[in-house]
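Just the heavy atoms: all of them, side chains too, but no hydrogens, waters or symmetry mates, feed the values below. No experiment lies behind these values; they were computed from the predicted model shown.
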Amino acid sequence: MVRIAICDDERESVKLHEEITKETLQKCGIGCEITVYTKSSNLLCDITDDHFFYDLLLLDIEMPGITGMELPQKIKPFLPNVKIIFITSHLEYAIDAYELSIFRYVPKDNPRERLSAAVADAARMIELEAGQEYIIKTSRRMEKIPYRDIFYIERDGGKNSVIYTQKSQGYGGENETLSSAPAGMGTTKVRKPLQQIYSELDAPEFLFIDRSYIVNIIQIMKISDGMAVLKNGAELPISRAHLQEVKQEINRFWGAHI
């Protein structure tokens with residue numbers, strides 16, 4: 001079940017986008033629950049004050065009051081994993097949308113085909129990210145970390161590793177929080193070598209980019225100058241030996257899942 005909010009100050013646009021979304025997900029065999037808004041302030045209040053949860057937001061950019069460009073910054077602290085699709089008539093917003101880590105940008109003049117593809121891709125991504133968890137068991141505790149919340153895993157000496165996650169999720173339990181952890185990330189230290197963790201994850205979205213790093217492909221924004229740039233701004237080195245393989249694996253992964 002994918003929970004979706006559609007927000008546009010034009011009622012006809014809301015109706016059309018809801019119709020397209022329902023038809024698309026029905027064809028994909030994906031269940032959905034859709035809430036529509038014609039005021040951005042109502043959507044914001046529902047999320048920040050009443051803790052409504054959504055997997056996907058379809059936002060018009062130009063709305064009175066709080067614009068679609070302003071909403072992501074206000075919403076992300078409450079819904080860090082939410083996917084956002086921008087729908088607008090103004091092409092110049094596409095660059096800003098990229099900088100805000102927006103999932104997709106759809107022109108408003110002819111939305112049926114482009115919006116349908118964007119919604120289908122987002123829903124598949126949401127389903128892909130949901131459900132799987134990495135379980136850490138010791139004699140004193142058990143901890144579960146959803147795969148979608150893992151940014152990367154780093155070797156910490158020969159027999160220890162550090163898992164870097166969404167800080168807001170509060171992972172760590174009795175583990176220490178490393179002072180060197182990048183801003184916005186939490187850490188969990190595991191007394192296992194990196195190769196053992198990789199075997200236990202056993203999922204196509206995780207790959208070695210260096211002998212010291214395993215990265216979640218879902219978190220990679222781009223490959224640039226031999227570095228993997230993640231959605232939260234973290235940059236990790238890709239070894240020369242792994243660079244071509246990393247590019248191929250990323251292409252293979254998205255080709256299979258989107």
Side-chain angles (χ1 to χ4, degrees), residues 55-57 72-73 75-86 94-105 121-122 124-130 132-134 145-156 161-172 175 177-190 194 197-198 201 203-258:
D55 299 294
L56 174 63
L57 304 179
Q73 299 175 29
I75 287 171
K76 283 287 188 176
F78 297 87
L79 298 175
N81 296 308
V82 71
K83 302 290 181 291
I84 298 176
I85 296 174
F86 270 164
I95 295 175
D96 294 326
Y98 176 78
E99 292 174 351
L100 288 169
S101 298
I102 302 304
F103 180 79
R104 194 67 56 83
Y105 168 88
D121 288 351
R124 292 188 189 108
M125 172 79 77
I126 291 162
E127 288 203 327
L128 175 67
E129 292 176 352
Q132 292 178 292
E133 298 173 318
Y134 182 65
I145 304 177
Y147 282 9
R148 66 184 180 190
D149 292 333
I150 298 174
F151 283 104
Y152 63 94
I153 307 163
E154 181 179 17
R155 184 166 66 94
D156 183 31
S161 303
V162 180
I163 302 175
Y164 290 82
T165 62
Q166 294 274 6
K167 189 173 183 179
S168 60
Q169 302 302 322
Y171 304 116
N175 295 301
T177 296
L178 306 183
S179 59
S180 59
M185 280 196 275
T187 60
T188 296
K189 196 166 185 176
V190 183
L194 206 58
I197 293 177
Y198 180 75
L201 287 167
E205 60 262 44
F206 293 97
L207 75 161
F208 272 98
I209 61 170
D210 180 89
R211 62 181 296 183
S212 297
Y213 294 102
I214 296 170
V215 174
N216 188 343
I217 291 178
I218 291 170
Q219 300 290 354
I220 296 177
M221 282 288 289
K222 63 179 178 178
I223 303 296
S224 178
D225 297 325
M227 304 289 286
V229 182
L230 307 189
K231 291 178 181 179
N232 66 344
E235 297 185 8
L236 303 175
I238 304 173
S239 68
R240 289 185 179 181
H242 286 83
L243 183 57
Q244 190 59 34
E245 180 185 354
V246 167
K247 291 180 178 178
Q248 291 174 351
E249 286 300 320
I250 290 173
N251 288 335
R252 186 179 298 117
F253 178 84
W254 291 124
H257 292 90
I258 294 297

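- No donor-acceptor pair closer than 3.5 Å links the side chain of Asp156 to the backbone N or O of Val162.
- No side-chain heavy atom of Phe103 sits less than 4.5 Å from a side-chain heavy atom of Leu56.
- Checked by atom type and distance alone, the side chain of Lys222 never pairs as donor or acceptor with a backbone atom of Met227 at under 3.5 Å.
- Note that the CG atom of Leu57 and the CD1 atom of Ile75 stand 5.0 Å from one another [nearest 0.5 Å].
- In summary, Arg252 and Glu249 engage in a salt bridge, as defined by a charged side-chain N under 4.0 Å from a carboxylate O.
- A side-chain donor-acceptor contact under 3.5 Å links Lys231 to the backbone of Ile218.
- Here the rule is side chain to side chain contact (heavy atoms under 4.5 Å, CB included) with Arg155, and of Asp210, Ile197, Ile214, Leu194 only Leu194 fits it.
- Side-chain contact between Pro72 and Phe86 is present, with at least one heavy-atom pair separated by less than 4.5 Å.
- A 6.0 Å sphere centred on CG of Asp225 holds no more than 12 heavy atoms belonging to other residues, nucleotides or ligands.
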request  = Start with the C-alpha gap between Ile238 and Val215, add the side-chain angles, then the distance that decides, and say whether side chain to side chain contact (heavy atoms under 4.5 Å, CB included) holds.
outcome  = CA-CA 10 Å; Ile238 304 173; Val215 174; over 6 Å; no
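- In this structure, Val190 and Ile153 have side chains that are not in contact, with every pair of non-hydrogen atoms separated by 4.5 Å or more.
- Once rounded to the nearest 0.5 Å, the distance linking CD1 of Ile85 with CZ of Arg104 reads 7.0 Å.
- Separation of atoms CD (Glu205) and CD1 (Ile220) is listed at 11.5 Å; rounding is to 0.5 Å.
- No side-chain heavy atom of Met125 sits under 4.5 Å from any side-chain heavy atom of Asp121.
- Ring orientation note: the planes of Tyr152 and Tyr164 are close to parallel, at an angle under 30° on the 30°/60° scale.
- We find the NZ-CD1 distance between Lys83 and Ile126 to be 6.0 Å, quoted to the nearest 0.5 Å.
- For the atom pair CD1 (Ile217) and CG (Asn251), the distance works out to 9.5 Å, reported to the nearest 0.5 Å.
- Within the 3.5 Å criterion, the main-chain N or O of Phe151 finds no donor-acceptor partner in the side chain of Gln166.
- Rounding to the nearest 0.5 Å places CZ of Arg124 at 12.5 Å from CH2 of Trp254.
- Of the residues listed (Asn216, Asn81, Thr165), the one engaging Asp149 in a side chain to side chain donor-acceptor pair (under 3.5 Å) is Asn81, and it is the only one.
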